[in-house]
Protein chains: 2
Amino acid sequence: MKATIYDIANKAGVSTATVSRALGDKQETVRPETRDRILQISNQLNYRPNSLAKNLAKSTTSAIGLVLPEIQGDFYTEIVKGVDEIAFSGGYHLIVASSHSRRNIVESLLGFMRESLVDGVILMIPSMNGHLEEVLANYKIPVVIINDIHAFDKYDIVSIDNFQGAYSIINYTIKSLNHSKISMITGPSGNYDSQMRKKGYTAALKDAGITIRKDWIIEGDFTIKGGELACSRILSLKEKPDVIFAANDNMAAGCYNASESLGFKIPEDICIIGFDHIELGNFLRPKLTTVHVPVSEIGKTSTKLLIKRLRNKDDKSIEPQHIKISTGIIIGDSVSKLNN
Amino acid sequence: MKATIYDIANKAGVSTATVSRALGDKQETVRPETRDRILQISNQLNYRPNSLAKNLAKSTTSAIGLVLPEIQGDFYTEIVKGVDEIAFSGGYHLIVASSHSRRNIVESLLGFMRESLVDGVILMIPSMNGHLEEVLANYKIPVVIINDIHAFDKYDIVSIDNFQGAYSIINYTIKSLNHSKISMITGPSGNYDSQMRKKGYTAALKDAGITIRKDWIIEGDFTIKGGELACSRILSLKEKPDVIFAANDNMAAGCYNASESLGFKIPEDICIIGFDHIELGNFLRPKLTTVHVPVSEIGKTSTKLLIKRLRNKDDKSIEPQHIKISTGIIIGDSVSKLNN
DNA sequence: CTCAAAAATGTAACCGCTTACATTTGTTAA
DNA sequence: TTAACAAATGTAAGCGGTTACATTTTTGAG
């Protein structure tokens, strides 16, 4: 049978309270020789505290919940990796729940919260969800939200600087490469990242004095297939743009496919810009020009934030923090330079 | 304050035992009208059982642990997704632990087992690890191992049919495409998947009466960079092979890079074959010929196996199951047909 | 050496649910 | 009607820790 705290107390001739104190993290008042004796016996019996009992007694689980949207591709692996690494070094376990055919984000979240299964939650919200606000308001476990969203200002938020990323790369395309006929394939309409990327795009155009053409803004869905479809539509327009700015690399890859099958050469006939800088982009030919997003940084930062919150749970005074992760530009060969 | 089972018992004028029975899963002996009353009050109070208390009382957690090797790329996302989906529908939570700079597989495993944090574990072991056997022997939580490994025959195992996959594609290359000068870039020497893929490769050659050249078997490390390096070495041999079989797609992608920079055209000057069929391969040009591995199937199958085990925990008689997930061939354009 | 304060340890309730066993209530057959 | 048995419910002891409060031991100033 597994050794319990009672066994140790017995063998050491002390009470369970003393054993608990000697073995606990917080520096408790135990005489050094007593502590040593307890530690030794504990080792000898190969004692491991039962975390279930500890959880119940302390109403705490040392676990962090990570709620992800429908998982696909590199992106999420990086997030999980970043979160896991920080969680682990902070002494937390990681419970993940991704939404899929049988479950949505809110359900995952509720599952965590209702059962007090985790001490805190990292929540990645790609787009607005009806019940979400209500759920968040009803349970008061610390939450860190990953997304570029302002409806949740009272929570800690970690977001990619989508606006800046899009603005920079479009600005570069205009100013340094002399382009002005730039179209965009957005993500799904409700998606926050997509919305901000679009704002960056329009702002850069506007600041450069370029009129925005609504017919050059096509809605995509962040998938490769979706990119293919949208690109085909753009390439069959009577008045074609010179550049397609896809709201993510997946769709940019779709553009490569469509261009290839429609006989458009990149970058001579059509230029492509992506967003995310996933591995895939490095293998597209010509190399994809895109916006670098430090994905695992997002996971790490949110976890750090959450853990800080958990460590100061009583101190309600700390203001919600909003951290923006900045992006960078990756210059590939998928956008040509125009001679003006 | 959150409602407890006591509050319900009070309000309903029954004992906590009855409430517990009425609310529990197993069809207990409670009079219908009593059950109804309890259910009603439970709803009214918005009662949610405290899972921590339940865990302690039942010494069970309804959680499955998933231990992954160093996470990178598509592959693992698919596994997590598959596991999560099945775990969820079986009423289990998913706790993941990946090894990384600060932790290795055995540590993750120990963490789960020592603290009785999970009811069972799904363990992905890429290569032999000293303490592993010992750890597994010492704790008797149900374990499902994902890998092509025979040292652990007494556990449930789910494995990719690496041998068959490699054999088939090499055989196809020989028989249908008339190649005979086929080299291989393996994975890290200790890696089980790699070992079996190599066996499939050598068996196919041998069966076709082709002599195996040791100098055409180069060790790689499953990374893109590693593939690049190994490929360069092969391409600078005095006697070059016509085909390079990379033990995974990542390395195959590296081969593309190396071939490009050394001026070798695929498939005219050198042919490339991969393994895994990750998304990336679809974007290589020419399209990569590779072995399809149904990754999320692996996750799903192992989880089903584990849950079955957990549901029949007492029944020790069930023999360890060894399930092989079969692979398929994806024919791209990276291997030319020789006229013999 | 004495005594008050500080340090160390002990006692036992508690976290909220489950469940073996005891008790009460209901049902059925003679 | 009643004995015998089944069904429904109650009692209370866990599960294995934590911790408020009580008690004992140690320490050190006077």
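Numbers restart at 1 for each chain; the letters A, B, ... are given by sequence-line order, proteins then strands.
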Once you apply a heavy-atom cut-off of 4.0 Å, does B:S59 come out as touching a base, just sugar-phosphate, or nothing?
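Contact class for B:S59: none.
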Looking only at atom types and distance, does a side-chain atom of [X] sit under 3.5 Å from a main-chain N or O of [Y], one as donor and one as acceptor?
X	Y	value
B:T18	B:V14	no
B:R37	B:A12	yes
A:N312	A:K308	yes
A:D156	A:P320	no
A:S89	A:E85	yes

When the distance from [atom1] of [X] to [atom2] of [N] is rounded to whole Å, what number comes out?
X	N	atom1	atom2	result
A:Y47	D:dG16	OH	C1'	8 Å
B:I8	C:dC17	CD1	P	8 Å
B:I38	C:dC17	CD1	P	13 Å
B:L56	C:dC15	CG	P	14 Å
B:K58	C:dG16	NZ	P	18 Å
B:N50	D:dC15	CG	C1'	13 Å
A:D7	D:dG16	CG	P	9 Å
A:L23	D:dG17	CG	P	9 Å

[X] and side chain to side chain contact (heavy atoms under 4.5 Å, CB included): which partner among [options]?
X	options	value
A:V121	A:V118, A:L117, A:D119	A:V118
A:I122	A:V83, A:I145, A:L68	A:V83
B:L94	B:I86, B:T303, B:D84	B:D84

To the nearest 10°, give me the bend of the helix from C:dC1-D:dG30 to C:dA30-D:dT1, comparing the axes of its five terminal pairs at either end.
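Roughly 40°, once rounded to the nearest ten degrees.
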Base-contact (B) and sugar-phosphate-only (S) positions in nucleotides 6-14 of chain C, heavy-atom cut-off under 4.0 Å, - elsewhere
--BBBBB--
Would you indicate, yes or no, if C:dC17 has its OP1 or OP2 atom less than 4.0 angstrom from a side-chain nitrogen or oxygen of B:S20?
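The answer is no; no side-chain N or O of B:S20 sits under 4.0 Å from OP1 or OP2.
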Evaluate A:I160 against A:D193 for side chain to side chain contact (heavy atoms under 4.5 Å, CB included), listing each step before the verdict.
CA-CA 8 Å; A:I160 303 166; A:D193 289 308; 4.3 Å; yes
